[in-house]
Chemist: 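I'd like to ask you about the structure that follows.
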Protein chains: 6
Amino acid sequence: MADAHPTQGAAHDGCPPHPFLIEPLLRRCLEEDLGHGDWSACGAIAPDQIGKGRIVVKETGVVVGLGIATQIFALLDPAFRCTAAVEDGMVIEAGLPILSLEGSARTLLMGERLALNFMQRLSGIATLTRRYVEAIADLPAAVVDTRKTTPGLRLLEKYAVRMGGSRNHRFNLSDAAMLKDNHIALAGGITAAMARLKAQVPITTCIEVECESLAMVQEAVSAGAGLIMLDNMTPEAIREAVEWVAGRARLEASGGVTLETVRAIAETGVDYISVGRLTHSAPALDISLDVSGD
Amino acid sequence: MADAHPTQGAAHDGCPPHPFLIEPLLRRCLEEDLGHGDWSACGAIAPDQIGKGRIVVKETGVVVGLGIATQIFALLDPAFRCTAAVEDGMVIEAGLPILSLEGSARTLLMGERLALNFMQRLSGIATLTRRYVEAIADLPAAVVDTRKTTPGLRLLEKYAVRMGGSRNHRFNLSDAAMLKDNHIALAGGITAAMARLKAQVPITTCIEVECESLAMVQEAVSAGAGLIMLDNMTPEAIREAVEWVAGRARLEASGGVTLETVRAIAETGVDYISVGRLTHSAPALDISLDVSGD
Amino acid sequence: MADAHPTQGAAHDGCPPHPFLIEPLLRRCLEEDLGHGDWSACGAIAPDQIGKGRIVVKETGVVVGLGIATQIFALLDPAFRCTAAVEDGMVIEAGLPILSLEGSARTLLMGERLALNFMQRLSGIATLTRRYVEAIADLPAAVVDTRKTTPGLRLLEKYAVRMGGSRNHRFNLSDAAMLKDNHIALAGGITAAMARLKAQVPITTCIEVECESLAMVQEAVSAGAGLIMLDNMTPEAIREAVEWVAGRARLEASGGVTLETVRAIAETGVDYISVGRLTHSAPALDISLDVSGD
Amino acid sequence: MADAHPTQGAAHDGCPPHPFLIEPLLRRCLEEDLGHGDWSACGAIAPDQIGKGRIVVKETGVVVGLGIATQIFALLDPAFRCTAAVEDGMVIEAGLPILSLEGSARTLLMGERLALNFMQRLSGIATLTRRYVEAIADLPAAVVDTRKTTPGLRLLEKYAVRMGGSRNHRFNLSDAAMLKDNHIALAGGITAAMARLKAQVPITTCIEVECESLAMVQEAVSAGAGLIMLDNMTPEAIREAVEWVAGRARLEASGGVTLETVRAIAETGVDYISVGRLTHSAPALDISLDVSGD
Amino acid sequence: MADAHPTQGAAHDGCPPHPFLIEPLLRRCLEEDLGHGDWSACGAIAPDQIGKGRIVVKETGVVVGLGIATQIFALLDPAFRCTAAVEDGMVIEAGLPILSLEGSARTLLMGERLALNFMQRLSGIATLTRRYVEAIADLPAAVVDTRKTTPGLRLLEKYAVRMGGSRNHRFNLSDAAMLKDNHIALAGGITAAMARLKAQVPITTCIEVECESLAMVQEAVSAGAGLIMLDNMTPEAIREAVEWVAGRARLEASGGVTLETVRAIAETGVDYISVGRLTHSAPALDISLDVSGD
Amino acid sequence: MADAHPTQGAAHDGCPPHPFLIEPLLRRCLEEDLGHGDWSACGAIAPDQIGKGRIVVKETGVVVGLGIATQIFALLDPAFRCTAAVEDGMVIEAGLPILSLEGSARTLLMGERLALNFMQRLSGIATLTRRYVEAIADLPAAVVDTRKTTPGLRLLEKYAVRMGGSRNHRFNLSDAAMLKDNHIALAGGITAAMARLKAQVPITTCIEVECESLAMVQEAVSAGAGLIMLDNMTPEAIREAVEWVAGRARLEASGGVTLETVRAIAETGVDYISVGRLTHSAPALDISLDVSGD
């Protein structure tokens, strides 16, 4: 594994969530962990004691969250200093330091757990994502995420997915429309549902149609769908759909994809493969803080 | 596996987080998923269309989140009806329905993803917890959680841990004090740190001391610590500490505990075993929604 | 003028903003108008005094806001009753009542101003929108709105635009991407900017390119733009672009469009015409409350 | 037209809303426009790209909002620089720059729309206000605003009215009391209503009485009203009231006042003329941003 | 002592703060007391256990807060029932019950402390206020409060003052203007300060001037002040000011007023006497909850 | 009286509430006092006028709130300067200045009242606390506070108690568990309640049992209670409990303790004496601001 975004060029940083947008979340999470105050740090350590520390990865993986950790400490104490040794999205080997910390020892101890909780989770997602991406790196299909993210953390988890080298699907229910089986059933079929929906959505809104058979795919294409989800189809069925559509719409395979099955799906020629477990079941990457008194 | 809380008695429901306390979180998470509105549901489905559905577990596990799912749909639409077929904390076999839904089809579709995201994650935590609990069920040691929870979801994840049959460690930095290696180093040793801290904390606050050697354990007991964490010790070292302490303090083993190692640790006679991966690395339990139009 | 949404069919209500999503806004606006309390109503009128009233349009126009007014009174007092005589989006003649109110006289007086302020503004937008829509009703072009909305009221104002018979452009900067002149200049041209952006955005995100000349339109089509904004072009230039593009991309005309110029633009064959003044300069529709004591 | 507040003296800046008080509003409005992030700016432009721009008025009018625009950019990025060329309340001729911007190109593009939306609306209000003020500049009557402001923007819109040279009426229902026809009817007449209300309100609270006839005016004066609103009276009736009251109370004319009718009303000798359309129907002033990459 | 508001008549309830306006405060205070949950109530008591209780006054005083207590329990549990035996503002003798409670025993125990904390404090304020009011009940002067209230509780404490039979001074800095010694010094004297301020404030805003000598009073009257505060003057000086002003302005005596000095001040003929200790130093009234299991 | 925390050592500052945690409270309180703006300061004083002032104690007492006052002014205006002459927790004699202020005269006047309201209240609590502490300074018993604090201000009031030399009891219902008479009755006795509760609470949670008789104390000790509240017992009964318990549990006396009775209770040998009136009935300490123009 090498740098996680070699193709992005010098002009790009992967569009991290703007600090302005995640500050309210970080404030609430700090309040959650601080309760009415940190008795251990404030009761045992002098207010002017300086502390230094290094955040270190304990297992090799894609690191994400350096900016978020920095923002957490800054919310507690604007004078606290964080210095990054690497960049979000890089693959770091076990044992290497990634962020140096220096400032009030109380602040260091108060912010530690939240910073690590975020970094471990986001790096875990990016590391798992990268494994999927690498499994099909020589094929044109792209891995994409889903809305199966941790409630409250979607911006950050989708950013971790990008840092793992994957692309994002829609962020929320207003970002794009998707006609699933239930919508289609309740609306009287794909054609009727598409007609009604196309008259309502903003002119910039993408409409995706979920299909379970080639017949549904054919109806969706006729109705003007530009993006079609192939739900829980076998590689054979996916291949058949790819051939029939022949570029008239983009195609996304979905449903229980694992590291074992992703390659066979990608080989069908489908454009996108969405993988829920990137965000709902990624184990944390082991990251910890080494503190040195002075 | 049988019912997850057989010993709790008829008078008890496991102290679920009060709806009043989690409502702000649920509101923010709904806003996260709705964006500026659900075009698919509102654009394709009539406002007076009724929908029915059942939430079903797809793999056997401990179910948690029935009340939370119910509260989510109620926030969107007070007239929506959820009827639970089981109770939080029960082990449910794959394929069984756990919650029936009926009401506005739009509401059903708008609340679906968030309700499932919560139930999958919390049930995943409870299911993994239960595996640890069962691994040492014949031994007196108790499994406990940590502060390595998902930022923002601590109340819910700690509840899931209880529903898995485990106990909670402190919820936040004000709940209890813990003198870790850094506190001890910066304060000039266990004895000095304990003296200073005991004079500051509320009279109800428990102080735990993290120890890495028997010598530290001995100093902690002398300094009056009622709870001692044995950090990354081998089972042999833990056993030695248990014998030396002989009941004068409660002892907690901690550090990289897995399903493979938990039993050997429990057999040392330690009181508690804290396991970070209960919350930071539990895979989601597969739970989904079956919708029926009418 | 007749009913504002004749083509929407019985299954549809125009996707009004969900009450859950606008409740925080309505609460803040009530707080703004109440200050620390309504001395006039509470000081002069008994708490159990019942009041009745009717909201009446004083000039003919498209009415929007019946649900919002109802929600405002309900936030103050769940027992207050509002009964709508018409539906959002209908054209109502001057003098007709649209909403009957009954309940605590204090509540009636406390909610009056805010309810009217919303209805007047939203109805004003819908009424002006309808004039644009009717001006080109026999042509295929659709009028669309912009992001030039009142800060804080975008969901409601875009809803008013839909109720006036028009379509919405993107709601915010994450909904869709648009490469304007500045982006293009800073990124080194349309082709380079499109390449970079297409690799970053979610797979469902529409990218629009703003063009000021036919050459730019040609480059945008080559770069794969599906939607192109023709910025401040003359009808002749628009027509030329329409002919050259020949359906390979959708085209939007933009820039200083008025009721006087909209028809000539529509006759070029362009797909969309965006009109900022729908939301930034619509005069309020005259709507008032007639109160009857009992 | 010359400087908008020539009489205010060097010591005064027109009491702009304190940044502390409007920061929550500006944050919400930024969140409204950013959604989950600005794909166009972040996806196409490098994070260290510098951008420069100038905000320019495109039609002559009273400019308001320089401080607000500055605060918006500072919320996104404390390092961004805004330099004002003029002051709020000045009349600026079409084509002149009013605010120079320099800093991160991403920030420039992210804050542009919101800053312009505020400035266009507030300057539109101030410009319309000034026309009313100038129409009666040689008469002692003062134009005042109403509570018919945009929900959520009252502080800013009332500030724009002051910058247009006019005075404010009460800001909210607790600021001052007003007995309208409904209060009077429900309370059993002016005398009874005044007696009850005077016993309840703070000792600093002004009570205004709305009157529709000279008889009501006479009763209001007898009951001790210091401020009387003459509702929808003809200039003749207003004049009669002015003469009868003879300075024992201040008088405010109200109801459908336009630029065509304001002068005749002012000539009656009334003290104040309240004009709802200052805030509910002012067209936006055309203001735009010229960006230069550099 | 008898009923606290005998003169208010059947039509009046003393204008309690609207539940809509205090709900956010009550929510935050509940969160403060609950922390992450009530272990005692939830851990020891079954969820379906019913509890009954009565709130009882332990010392004679003016009771305030029945509605607030009711709202607190309703926020926790809409099914909980509170039944008031008396009304806010009544003088209740020691030992009498004032509010009956019935519902979930957990809710009863969770809401108890906050409900009592509010009732004790507000009743303490009302009871002390009443002592001041009674001390001068035969004189025309009215006791008024100040802004020396508990941060965050101003609406409720000012309501308690009204329930004690007193009147309110301004609620906040925008409600009314007051030129204190510092304003006057910095603005170059009363006359100059009044001139400048009168041109800026809303036409409904009362301006009070703080004076320390008869000369200042004379200047204030000349400058058009309608309300004058006599700051820390002796009764003799107050009397002199009363005589000189002779009704041309209302007069308020202020500064260190106690139950011992209030009568001598009132006998001067001054209109109002403001007393900071009504709110900053009132001892709590003893009120407690008697629970009966059922 | 001398310095309030002579035993705390150089390393300690008494654990003041972290600025991050109280900022939301201070913001809301500023909004409460500012309303829609300070007309007096902004209307009469130039924006660039500098003001200086000193906060002075008018009666001898323990001062608390210097950091809070500083934070209040900084929220309004980051450029404002506050310089403390003393430290929180010190006993200051009447007439001495404690905090110097310098900056915008408008800011000085806008923040004055809130800063003083906090300092007066918190210093009043600390001063009263110190009187209790000194009354038993030669005895081993410690005075502790209760949850009878002002709603919303618990962190600050508990800090004031610590600054007065006393210790804190639990901060909220999740901090520690307490089985009161009602819990015990509803749960079927101490033994049953303890058993159930011990199985639910976090392993760090202290459980206190409220007892009204020696028999209850004996049952509580047998059930494993480490902390026992002796409710409204006579000194004789307390002494008897102390002797019987003989160190097997810590004991807290509670109920109507006054300065007159505290010493007799302390002489019983009880560990803690909780005093509700420290926070619910402390009179404010007289503190004021002297302003000098330049």
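Letters A, B, ... are given to chains in the order of the sequence lines, protein chains preceding strands, and every chain is numbered from 1. Given the structure is predicted, the values throughout are model-derived calculations rather than measurements.
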Chemist: Grab the two heavy atoms, one from Arg167(B) and one from Lys198(F), that are nearest each other, plus how far apart they are.
Modeler: NH2-O, 3.1 Å

Chemist: For Ile203(B), which atoms come within 4.5 Å of any heavy atom of chain F: side chain, backbone, both, or neither?
Modeler: both

Chemist: Any salt bridge (Lys or Arg N to Asp or Glu O under 4.0 Å) involving residues 150-161 of chain F? Give me the pairs, sequence neighbours left out, ordered by first then second residue.
Modeler: Asp33(E)-Arg154(F), Asp145(F)-Lys158(F)

Chemist: Say whether, by atom type as modelled, one donor and one acceptor occur between the side chain of Arg170(B) and the main chain of Pro202(F) under 3.5 angstrom.
Modeler: no

Chemist: Using only non-hydrogen atoms and a strict under-4.5 angstrom cutoff, which residues of residues 171-182 of chain F touch chain B?
Modeler: Phe171(F), Ser174(F), Asp175(F), Ala176(F)

Chemist: Work out which heavy atom in Gln200(F) is nearest to a heavy atom in Arg162(B); give both atom names and the distance.
Modeler: O-CD, 4.1 Å

